[in-house]
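Below is one structure, written out as structure tokens, with a few remarks after it.
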Number of protein chains: 2
Amino acid sequence: MLRMSKLADYGALVMAFLAKSDRMLNATEISSEINVASPTVAKLLKLLTRGELLVSHRGVNGGYSLARGADDISVADIIDVIEGPIALTECVSQPGSCVQESDCSLRENWQVINDAMRKALSEVSVSDLAGGRSHSVNLDANGSLEKATGGCC
Amino acid sequence: MLRMSKLADYGALVMAFLAKSDRMLNATEISSEINVASPTVAKLLKLLTRGELLVSHRGVNGGYSLARGADDISVADIIDVIEGPIALTECVSQPGSCVQESDCSLRENWQVINDAMRKALSEVSVSDLAGGRSHSVNLDANGSLEKATGGCC
DNA sequence: TTCAATTGGGACGATTCTAGTCCTGTTTCA
DNA sequence: TGAAACAGGACTAGAATCGTCCCAATTGAA
């Protein structure tokens, strides 16, 4: 179905929520706020921390906060960390795994499509998801991704 | 991993091969040419025919051929037929399925990302995959997908 | 008219992936 | 010192995918 995993979906939700709240939050708080089961959120937070998108603080009053500005974290970053590198086809991520071997005329084009997708995902930041920059992301007439000031939300 | 299914991958291979050969081919021939097991290819051909990307001819000397010009069939068409509509998140394809309900600030942005991905996939035709137009697909400096004459392959 | 070749459609099983849970260890601070 | 919170990994249940097989319907050639 060409769909992200739910984990990545929830991951975006977690990141957006942290961007909005702008203070350190622990796993329990985040879980109850975004309506996702607490062990699942805990798992996500660990992944996002290991991927250096979040920083964690142990101990009493510990929790998680964004590792850098919400503008500097893209949806592509989140997917990379949770699902691994974006790779539409196997041959893009694992050269040599395909029986078509050397003379596959498709592979180069898959790579291009892959790059275009990655670019689309890189254009949208956590800040956009959180709606924190008082604009929404729009697709202009040419199909390229642009930021439109004065959008909705 | 944000990956297409293998079936969709093989589907593109089948379509590209049919575009190259430019005559009617049966399932057995296609299977042996693209190195994919015959029952799998047969299944794919049925799907692609039902999706109106191929036309079939039964009986002796029957087979499959493209339903329309290779330029008029995009990678997005193939994915649509084999995997169903492209939907990065559940809320894009099934409104109302998400517990976040009404006030999800993310949904609108997912839709935009989804459209951008779909556009990237729509820009590449079966003809491009087959390399039949003596150019390859390139990504220009602005990230939009363009056809570059005089490319490789 | 008959028969072989070919597609059409659906059912089925094995494998793999995903989502979610739980347990134990480590760190921090009151 | 003890409670709160994160870190890491093992584990299970469920779902999706991949690939195969079977039989019916259709077509064209002998």
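Note on naming: letters A, B, ... go to the chains in the order of the sequence lines (proteins, then strands), and numbering restarts at 1 for each one.
Formation of a donor-acceptor pair under 3.5 Å by the B/Ser31 side chain with backbone atoms of B/Ala27 is not found in this model. When atom types are taken as modelled, the side chain of B/Asn114 and the backbone of B/Val92 share no donor-acceptor pair closer than 3.5 angstrom. Checking side-chain atoms of B/Glu52 against main-chain N and O of B/Ala67 turns up no donor-acceptor pair under 3.5 Å.
Rounded to an integer number of Å, the gap from CZ of A/Arg3 to P of D/dA15 is 16 Å. Atom pair B/Glu90:CD and D/dA16:P shows a separation of 10 Å (rounding to whole Å applied). Between the CG atom of A/Leu44 and the P atom of D/dA5 there is a distance of 19 Å, rounded to whole Å. Between A/Leu25 atom CG and D/dA4 atom C1' the separation is 16 Å, expressed in whole Å. Distance CD (B/Glu83) to P (D/dT17): 8 Å, rounded to an integer number of Å. Whole-Å rounding puts the B/Met24 CE to C/dT6 P distance at 10 Å. To the nearest angstrom, C1' of D/dA7 lies 11 Å from CG of A/Leu47. The separation between A/Glu29 atom CD and D/dA5 atom P is 8 Å, rounded to whole Å.
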query = When you check every protein heavy atom under 4.0 Å of nucleotides 16-30 of chain C, what one-letter string (B, S, -) results, 5' to 3'?
reply = ---SBB----BBB--

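Two residues are said to be in side-chain contact when any heavy atoms from C-beta on lie closer than 4.5 Å; A/Arg68 and A/Asp77 meet this criterion. Within the 4.5 Å cutoff, no side-chain heavy atoms of A/Arg3 are placed close to those of B/Glu83. Using a 4.5 Å cut-off on side-chain heavy atoms (C-beta onward), A/Thr49 and A/Tyr64 make contact. Between B/Leu88 and A/Leu121, the closest side-chain pair of non-hydrogen atoms falls below 4.5 Å. The closest side-chain heavy-atom distance from A/Leu54 to A/Leu66 is below 4.5 Å.
Taking the charged nitrogens against the carboxylate oxygens, B/Glu29 and B/Arg23 do have a contact shorter than 4.0 Å, which makes a salt bridge.
Among the heavy atoms of the strands lying under 4.0 Å from B/Thr49 are primed sugar atoms or P, OP1, OP2 only; no base atom is included. Backbone-only contact: B/Ala27 has heavy atoms under 4.0 Å from sugar-phosphate atoms and none from a base.
Residues from residues 72-80 of chain A with heavy atoms under 4.0 angstrom of DNA chain C: there are none.
Side-chain N/O atoms of A/Ser56 include one lying less than 4.0 angstrom from OP1 or OP2 on D/dA7.
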